[in-house]
Amino acid sequence: CDPNSRMKQIKSGAFTSNQKCWSKSAGAVAAMINKIDCDVIGFQEVGDSTWGRRGDVSVCSLVDAQRPKKSRYVWIAYPNTKKGTFSYNTALAYRKDVFKLLDDGIFWLGGDHNVPKVVEGGPKGTHRPVHYAKLLHKKSKQMFWFFSAHLVLERSKNRNGGNLFNAKNLISFIETYVPKEDRVVIVGDFNAHFKSAAYNEITGAGFQ
């Protein structure tokens, strides 16, 4: 969803093309979101224009325009940079006729749970945010927590590194702050092989 990458010339061997800018793609993304009609959606790497912050068409507005008012989404996002920009952030959207928002926030995988800062000298790749929302399912009265996490891409054969640190911190946050009876869903970009230490850390904590 990053508008900058869509404006750049893409080269791959003999194939060269210019991707359409985000403002021309947003309509198709909005239509896809409405067709799938999820109760909750997690986003990764969404650029400013997703929220209409650079003068582009806001995908939020395009989605809403195609939906009945009662089933529209509530969009929640946090800036993940010190400058307060939304250039590389996580976000969540939920249907307001299905869920009621009780709490939401952001924390850094390589940082303190209650402070939006990273640990000094932490492993590479731990400067990644997690956006969470505590939602009450109106019909069943069941409590749900959604965590939109973005782990770092593991390019080397050594798949432990910063992502294992990230996964441990994510599970620690959940075990510390989420009541046992509440349900937890982790969405986002794991950027990890299913045999990696980070992935096994998450599934080892009981996630399927």
Engineer: Output side-chain donor-acceptor pairs under 3.5 Å for residues 201-208, partner residues at least two apart or in another chain, one line each.
Structural biologist:
{"from": "Thr203", "atom 1": "OG1", "to": "Tyr199", "atom 2": "O", "distance (Å)": "3.2"}
{"from": "Thr203", "atom 1": "OG1", "to": "Asn200", "atom 2": "O", "distance (Å)": "3.3"}

Engineer: Between atom CH2 of Trp75 and atom OG of Ser61, what is the distance when rounded to the nearest 0.5 Å?
Structural biologist: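 Going from CH2 on Trp75 over to OG on Ser61, the span is 9.5 Å.
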
Engineer: I need the Phe146 CZ to Ile41 CD1 distance, nearest 0.5 Å.
Structural biologist: 11.0 Å

Engineer: When rounded to the nearest 0.5 angstrom, what distance separates CZ in Phe43 from CD1 in Ile33?
Structural biologist: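 Reported to 0.5 Å precision, the distance equals 4.0 Å.
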
Engineer: Applying side-chain contact (heavy atoms from CB on, under 4.5 Å), can you list everything that pairs with Asp97, at least two apart in sequence or on another chain?
Structural biologist: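 With neighbours one apart ignored, the set is Ser71, Arg95.
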
Engineer: If I compare all heavy atoms of Ala167 with all of Ala198, which pair ends up nearest, and what's the gap?
Structural biologist: CB-O, 3.6 Å

Engineer: For the residue pair Leu101 and Tyr94, what are the closest heavy atoms and their distance?
Structural biologist: CB-OH, 3.1 Å

Engineer: For Glu175, check side-chain hydrogen bond (donor to acceptor under 3.5 Å, both in side chains) against everything at least two apart and list the hits.
Structural biologist: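 Testing Glu175 for side-chain hydrogen bond (donor to acceptor under 3.5 Å, both in side chains), a comparison that skips the adjacent residues, returns none.
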
Engineer: Applying side-chain hydrogen bond (donor to acceptor under 3.5 Å, both in side chains), can you list everything that pairs with Asp104, at least two apart in sequence or on another chain?
Structural biologist: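 Scan of Asp104 (side-chain hydrogen bond (donor to acceptor under 3.5 Å, both in side chains), adjacent residues dropped) gives Tyr78.
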
Engineer: To the nearest 0.5 angstrom, please state how far the CG atom of Leu92 sits from the CZ atom of Phe147.
Structural biologist: 10.0 Å

Engineer: With the side chain counted from C-beta on, respond yes when Leu170 and Phe107 share a heavy-atom pair under 4.5 Å apart, and no when they do not.
Structural biologist: yes

Engineer: Do the non-hydrogen side-chain atoms of Val40 and Phe144 ever get within less than 4.5 Å of each other?
Structural biologist: no

Engineer: Quick check: closest heavy atoms across Arg72 and Pro68, and the distance to 0.1 Å?
Structural biologist: CG-O, 3.3 Å

Engineer: What's the shortest heavy-atom distance between Ser148 and Ala91, and which atoms?
Structural biologist: OG-O, 3.8 Å

Engineer: Please tabulate, for side-chain N and O atoms in residues 178-189, each donor-acceptor pair with protein atoms closer than 3.5 Å (sequence neighbours left out).
Structural biologist:
{"from": "Asp182", "atom 1": "OD2", "to": "Trp145", "atom 2": "NE1", "distance (Å)": "3.0"}
{"from": "Asp189", "atom 1": "OD1", "to": "Asn191", "atom 2": "N", "distance (Å)": "3.2"}

Engineer: Would you name the heavy atoms of Leu62 and Ala30 that are closest together and state the gap between them?
Structural biologist: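 Minimum heavy-atom contact is CB-CB, 3.7 Å.
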
Engineer: Which donor-acceptor pairs under 3.5 Å do the side chains of residues 129-139 make with protein atoms, sequence neighbours left out?
Structural biologist:
{"from": "His137", "atom 1": "ND1", "to": "Ser140", "atom 2": "N", "distance (Å)": "3.2"}
{"from": "His137", "atom 1": "ND1", "to": "Ser140", "atom 2": "OG", "distance (Å)": "2.8"}
{"from": "Lys138", "atom 1": "NZ", "to": "Lys96", "atom 2": "O", "distance (Å)": "2.6"}

Engineer: Asn169 versus Asn166: any side-chain heavy-atom pair under 4.5 Å?
Structural biologist: no

